[in-house]
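Just so it is clear, the model here is predicted, and its values are computed rather than measured. Lettering follows sequence order; numbering is per chain, from 1.
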There are 2 protein chains.
Amino acid sequence: MDEEAPQKGTVTQRAIEEIKAMIAEGRLEPGQRLPTERDLAARLGISRSSMREAIRALTVLGVLEARHGSGIYVTALEAGDLLETFGVVADLSRGPRLVELLEVRRILESTATALAAARITEDQLAAVEKHLAAMNATDDPEEILAHDLAFHREIAAAAGNETMAAMLEGLSSRTFRARVWRGYQEEGAFARTRREHAAIHRALAARDPEAARTAAAAHVGEVEEWLRAQLRA
Amino acid sequence: MDEEAPQKGTVTQRAIEEIKAMIAEGRLEPGQRLPTERDLAARLGISRSSMREAIRALTVLGVLEARHGSGIYVTALEAGDLLETFGVVADLSRGPRLVELLEVRRILESTATALAAARITEDQLAAVEKHLAAMNATDDPEEILAHDLAFHREIAAAAGNETMAAMLEGLSSRTFRARVWRGYQEEGAFARTRREHAAIHRALAARDPEAARTAAAAHVGEVEEWLRAQLRA
DNA sequence: CCACCGGAGTGGTCCGACCACTATGGGTCG
DNA sequence: CGACCCATAGTGGTCGGACCACTCCGGTGG
């Protein structure tokens, strides 16, 4: 009864599944510290090298966190931890795939903005306004970009769904870099963006979900259309 | 001009960024074969062990694919490749996070179903009907589950957005397992699911996007509500 | 011409050593 | 007595080399 020889795939893959299972079954709680690499390797009967590969894999997935000199820990398993990789996906997508990604973003962003309009608090609204004002007060592209991102991040947070907010975060980084490049080519893009942001803010302040949904959809759709046109060229 | 000492983070992390950059900048095309592990390690001045960790990390992200005895290749970078990890996220999410995930699925699934209603071809509709019929013809939970998944997969595919379809695929595996468990407890769940599926199919056949959106939202919302109730208990 | 087979090359695994960092506890100084 | 400092044990990080398992291709013999 020695439970040998499952032997499916690589030993590293097996180790990954093993640790995932430990977490899924609750044998490992969020924040908890794991045994040492050497222990884990011995326990599964594999070498430390292979175990390290497994740990590294789960680290990039945002499931584990290795602290040099201290130990390996399970992350909080919050949406932000796990969906960080989502940004990588967005960064590596190109062509038609990028348009699809933007379409997804349009759907989620418009819904999130609509939810935010219904739920946003005064404090959160003030934060949104702060970034809106800062965005309009400068013409340094880098700074505008930062406040633009923060603007949408605040709104997503106000929607009350952390998972959705984390996904939107990932869907934005690449998108926004593209928009900067866009500003280079198309004059008037900044002014249009400013109007769109103002419309979104108006809808939020008025607590009007439908107007917020429409404004957000138009905002993202604008970029989407431009990207579609670029691909045809 | 020897370009030394960036030295940020671990060498493995640097290697990961390096390869990601190669792909992002187009120096590596989808499907292309990479240099050998030994070459890559030498090129970046790191050990093979560290390079292997980097490769393993990008492998689990669906960016690279290692073929034993042959070489390392860049994947097609299709939505399905990159979003496979999305399922892991869903599997490891629990409690409130799971409800949020389901909320995201409701939004995407309803939109996808609406899009499908407008675009679905006769062939695709036939495939949907096939799974609907098969689902109703058996009472083996496993088989029902399989056809249920396929039912929604066909619809997502008909929506014409591969990225969205891949995300929904990841959002389903965990969800559906939960529903099976649900069937154990709540009588009538199967019958209700059957009605909901029929409503979705009706909307698709009628090419009625709004009806499709509503039916799909209700379908997912049903599970969502049940899960919310479970969490309160 | 084809089937077979061998070797070269590749990823997969393992080992053992050492480095870099952290945390802990005991000793020291104020 | 208390706060500080530092030696040290333990942990993850890196390295190099050895060997195994598999794939692929070209030569060889039928």
Testing the 3.5 Å rule here: is there a donor-acceptor pair between the side chains of B/Ser110 and B/Thr113? no
B/Arg52 CZ - D/dC20 C1' separation (whole Å): 12 Å
For B/Ile46 and D/dC15, what is the distance between atoms CD1 and P respectively, to the nearest whole Å? 7 Å
Length of the CD1-P vector between A/Ile72 and C/dA23, whole Å: 15 Å
Side-chain N or O of A/Arg67 less than 4.0 angstrom from OP1 or OP2 on C/dT22? no
Nearest heavy atom decides the nucleotide; on that basis, is B/Ser47 or B/Ser70 closer to the 5' end of DNA chain D? B/Ser47
Can you check the A/Arg33 CZ to D/dG10 P distance for me, whole Å? 12 Å
Below 4.0 Å: OP1/OP2 of D/dG16 and any side-chain N or O of B/Arg48: no
Over how many whole Å does the gap from A/His68 atom NE2 to D/dT14 atom P extend? 8 Å
Between A/Arg38 and B/Ser49, name the one whose nearest nucleotide on DNA chain C is closer to the 5' end. B/Ser49
Might you point out which heavy atoms bring A/Arg119 and A/Ala158 nearest each other, and give the distance in Å? CB-O, 3.8 Å
Please report the distance, rounded to the nearest Å, between CD in A/Gln13 and C1' in C/dG11. 15 Å
Let me spell it out: for each of A/Thr10 and A/Gly69, pick the nucleotide of DNA chain C with the closest heavy atom. Which residue's pick is nearer the 5' end? A/Thr10
Rounded to the nearest Å, what distance is computed from the CD atom of residue B/Glu37 to the P atom of nucleotide D/dT23? 16 Å
From C/dT13, D/dT14, D/dG12, pick the nucleotide closest to the side chain of A/Arg56? D/dT14
The side chain of B/Ala66 lies closest to which of these nucleotides: D/dT14, C/dC21, C/dG11? C/dG11
Under 4.0 Å, heavy atoms only, any strand: does A/Ile55 hit a base, just the sugar-phosphate, or nothing? nothing
Length of the CG-P vector between B/Leu44 and D/dG16, whole Å: 14 Å
Going by an N to O cut-off under 4.0 Å, is there a salt bridge joining A/Arg14 and A/Glu18? no
Among C/dC14, D/dC15, D/dT14, find the nucleotide with the atom closest to the side chain of A/Ser50. C/dC14
Could you tell me whether B/Arg228 and B/Glu225 have a side-chain N and a carboxylate O separated by less than 4.0 Å? yes
Of A/His219, A/His131, A/His197, which is the lone residue that meets ring pair (Phe, Tyr, Trp, His ring centres under 6.0 Å) with A/Phe151? A/His197
